[in-house]
Amino acid sequence: MDFPAHLQSIVDKLSPAKASATFDKVFKAQTKKLSNSERFLVKMEVNRLNKACQRPIDLRSKHGSLCQAHQANGIQHYLPQPAIERLNQLLETYKQNYCFAIYEQILFEYKQKPQAQSYDSKTQRSEIERTLISPIEFGQRVIRNEERMHYTTQVSLNIGKLKLEAITCDISPSGLRIKIKAEHHFESDELLQVIFVKWQSKFAEQTCRATYKLCWQKLEGDNTLLGLAILPDLDQFEFSVFIDKYVKSYRRKYKLDACNTLQSARNILFEQCYFYTHTALPLLLTRDSEGVHIPYVCKQSSNAHVLDYWQDEHSVCQLRQLFSGARLLNLLNQITPVKHEYLFCFTHIQQGKKYHFSATYDELVEADLLGLFLGFAAQKSSWRVLKIQLQEIDLKNAQRAVAIPESAGEEITQQNQPITPEVTAQLANLTHFALLIDVTNQYAKASYSDHQVDTQQLERLMRFKQEKLATTQTQALHFQFLGKRKEPRIRYSSAIQLELTDTKVTGQTMNISTNGIQLKLKNWPELERGQYVLVAFPELAKKLKLKGELIKYQVMATNADNCLVGLRLVSGSSALVQALGKIFDARMEQAQSPASTALEHAIRNLIVMSTSQCCGFVYRSEHNQFNMLAQPSTSNRLSALLDKCHTYQAKALEHFILKRFEQNNFAINKSIFELVITVVNQHDIFPDVWLDKVTDEPSRQLLVQQQLALGHVWVVRLECHDAIEADWHAIELELSYLSAFQPAGAQQLQNYFAHIKHSYTLTDVTREVLVRYEFTAEQISQNHTQQNEFIFDIFD
């Protein structure tokens, strides 16, 4: 990730001043307009640049015989004379400290790019690689209160009467990870006395022994690894302080263990990769004596169609009516943490008014209107099958700490502050979180429309017409998990006129940034990337009393379907450009205030920590490709099935899904497939049939019937997408920390995500498929019971 351009000039000013006694004062003055995260980013970059460097600079491949040997600070360089003079000048600026700022500046000025960071050791390489391929757990952040340093030294262990020799792997003021070169097993919570043998001889005045509690143990090859925590209730505070000073003094030399930060950053990027493309509509609900309210729905481009479906002719959201009293009680009475229900829906327009109809399977069976409703509704273009996944919400999840020890800087402490009372008040009444998932299979409409429809009985369907809401309390948050921007962008709406060589197009600004703008045009003039255009701002020009002023832009991105175009400023220091700059600065100052961003961050955290959808990702490189399933934040019946598949069939499910990607030559963006998984007994799980591979609906019905005769079935819907570009701005704090203390980890993370090519969402649609193919209520119930018996620890 390139360092943000808008912060680079500040770093350039601060870096030479790092050794100055007045640095803190200068730092505050230069960064007073920055957010806490940007301030931390600047500080970490300044610290990195001022870190002592041991790398020689050899420019002989670039400048040949002009280079001469030159020694500075005990390091031999080969440089041409101008570079030697520049090196000496920079050494004087940095108080004779040969640091990375000097190293990188010399290479930059003399046109040789610095070499990529490499692993410091085989141990670090294995740790980073193991971290990157560890299981994906949404919402997981491994938080450490203190920094942990990779450090190896000899220790002796006294465990009761047993004495063992070992070496340390990591140390921190309150913990220790050690390796014993033999296989052992110890009782949980065992107490161990650890004697730091070499330290005791080196620091004779310091008592280098302490009592630790065993927290975990595992075998790695022929070695035993132990995780230990120092006992705080003994008189060991002085030794903890000694370790704390030791870690802070030597962390540059021995490197900090930042794998928890690396894992957190990786999980955030995977969460984005899923949430930016998922089509489920997140709902935040309040339940009181008057019923259910939906204060917030979270809308983005991928799920906008679900929300739009539930707007009436006056754009009033009718979603609240889905959660009628009886319907909600049926959901809440389910024992599972995540409640499920299917809704069969259609709309009807009469005299310009839009009416919504919805019914559950049980409601239709009870009213003896199943065939009539499904047969009539499936013939309409507004036919939809929706799934609700509902669960209680834990408002504690609105706050998520950064996976960087607070000792790394005061910015982390500020970032980890509890949510403000204002935001707490806005969230206080929320009781439930729901996902509204469109699981309509258009190819399966034929099965539903096969039901006989007696048109004389259609009046009976009026009982499923939802009462129209004249107004709504629901607020649609235009929620976007992904920035994908190199610079901040703010919303701004103003009329524009885009001028090409032979045409003019009107439109509106969507948002602006320091060097760019996004427009929505009334019609599409066939713009191409790289093309130059002129833009007039009539409303703004009128306000500023400017006439005929145009700004030149270059086209950087286009979306013809939505008439959107992204432009980059080419030239202009005019009054109009300056006015846009002032608008941007004012909005940015407002946008960066805690009051305006805290609610969005809180809701983002709630969604990440509440999602019950399962998903997966496909990694593809020139030499390797594999499929990874992610563990959702909230366990549910489908995730329990996936756990069973792992237990008894290893990665058979992942391999089967990956083969489908291969069969389609990976060109399956926005494709939807349905996978039948047959469970014959506790150990025989067969993910072996794709319904779309079967010729027609009657054949699919027969296939499901045959599979059901073998055991019980699950039908899982896969919705596939091309993976989006990672938003590195979202993990800038983590990357700054990694760049300083585990640079190879930061580099490998970026390389890793360059090969994440596809993502897909998994949704259990078993019950809907059995209804679709007209299985009886008894068969549906029996299959559901068998599913629960199979995943025996979850009941519905």
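We use all heavy atoms of the structure for the numbers below, so side chains are in, but hydrogens, waters and symmetry mates are not.
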Quick one: is the NZ or CZ of R266 closer than 6.0 Å to the six-membered ring centre of Y752, and within 45° of its axis?
-> no

Donor on one side chain, acceptor on other, S610 and Q391, under 3.5 Å = no

Examine F344 together with F357 and report whether their ring centres are nearer than 6.0 Å.
-> no

With a distance cut-off below 6.0 Å to the six-membered ring centre and an angular limit of 45° from the axis, does R660 pair with F673 as a cation-pi contact?
-> yes

Q707 versus D688: any side-chain heavy-atom pair under 4.5 Å?
-> yes

What pairs with A367 under side chain to side chain contact (heavy atoms under 4.5 Å, CB included), at least two apart in sequence or on another chain?
-> L369, R463, F464

When the ring centroid of H755 is compared with that of Y619, is the distance short of 6.0 Å?
-> yes

Might you work through the side-chain contact (heavy atoms from CB on, under 4.5 Å) test for D764 and K387, ending with a clear yes or no?
-> CA-CA 9 Å; D764 175 15; K387 184 177 184 181; 3.8 Å; yes

Close side-chain approach of L283 to L435, heavy-atom, < 4.5 Å | no

Other residues, nucleotides, ligands: >12 heavy atoms within 6.0 Å of Y443 OH | no

Out of curiosity, T279 OG1 to K670 NZ, how far, rounded to the nearest 0.5 Å?
-> 11.0 Å

Ignoring hydrogens and angles, state whether a donor on the side chain of T611 or Q613 is under 3.5 Å from an acceptor on the partner side chain.
-> no

Quick one: side chain to side chain donor-acceptor pair (under 3.5 Å) partners of R700, sequence neighbours excluded?
-> E697

If you take all heavy atoms of R141 and N267, which pair is closest and at what distance?
-> NH1-CB, 4.1 Å

Rounded to the nearest 0.5 Å, the CD1 atom of I685 sits from the CD1 atom of I677 at a distance of 8.5 Å

V676 side chain near L691 side chain, heavy-atom distance below 4.5 Å | yes

Walk me through it: do Q625 and E662 pass the test side chain to side chain donor-acceptor pair (under 3.5 Å)?
-> CA-CA 10 Å; Q625 59 189 34; E662 293 172 344; 2.5 Å; yes

Does N636 use its side chain to pair, donor to acceptor, with the backbone of V338 at less than 3.5 Å?
-> no

Between N441 and E674, does any side-chain donor sit less than 3.5 Å from a side-chain acceptor?
-> yes

Let me see the working for Y361 and E768 under side-chain contact (heavy atoms from CB on, under 4.5 Å), right down to the final yes or no.
-> CA-CA 9 Å; Y361 174 76; E768 184 270 323; over 6 Å; no

Do L629 and L762 come close enough that some side-chain heavy atom pair is under 4.5 Å?
-> yes

Are side-chain N/O atoms of D696 and S699 paired as donor and acceptor at under 3.5 Å?
-> yes

So, K468 and E313, do they make that salt bridge, N to O below 4.0 Å?
-> yes

Looking at F666, is K757 sitting on its ring face, NZ or CZ under 6.0 Å from the six-membered ring centre and within 45 degrees of the normal?
-> no

CA sep, side-chain torsions, deciding dist, call: V292, H432, side-chain contact (heavy atoms from CB on, under 4.5 Å) | CA-CA 10 Å; V292 171; H432 289 82; over 6 Å; no

More than 12 heavy atoms from other groups under 6.0 Å of CD on Q452 = no

Do Q466 and R320 have side-chain heavy atoms sitting under 4.5 Å apart?
-> no

Any side-chain heavy-atom pair of K465 and H348 under 4.5 Å | no

Can you find a heavy atom in the side chain of I437 that is under 4.5 Å from one in the side chain of V306?
-> no

Sub-6.0 Å ring centroid separation between Y274 and F138 | yes

Does the pair R620 and D722 meet the rule for a salt bridge (Lys or Arg N to Asp or Glu O under 4.0 Å), with working shown?
-> CA-CA 12 Å; R620 291 182 66 208; D722 290 342; over 6 Å; no

Residues two or more places apart in sequence or in another chain: which of them pass side chain to side chain contact (heavy atoms under 4.5 Å, CB included) with I349?
-> K354

Say whether N783 and R767, considering side chains only, have a donor N or O and an acceptor N or O under 3.5 Å apart.
-> no

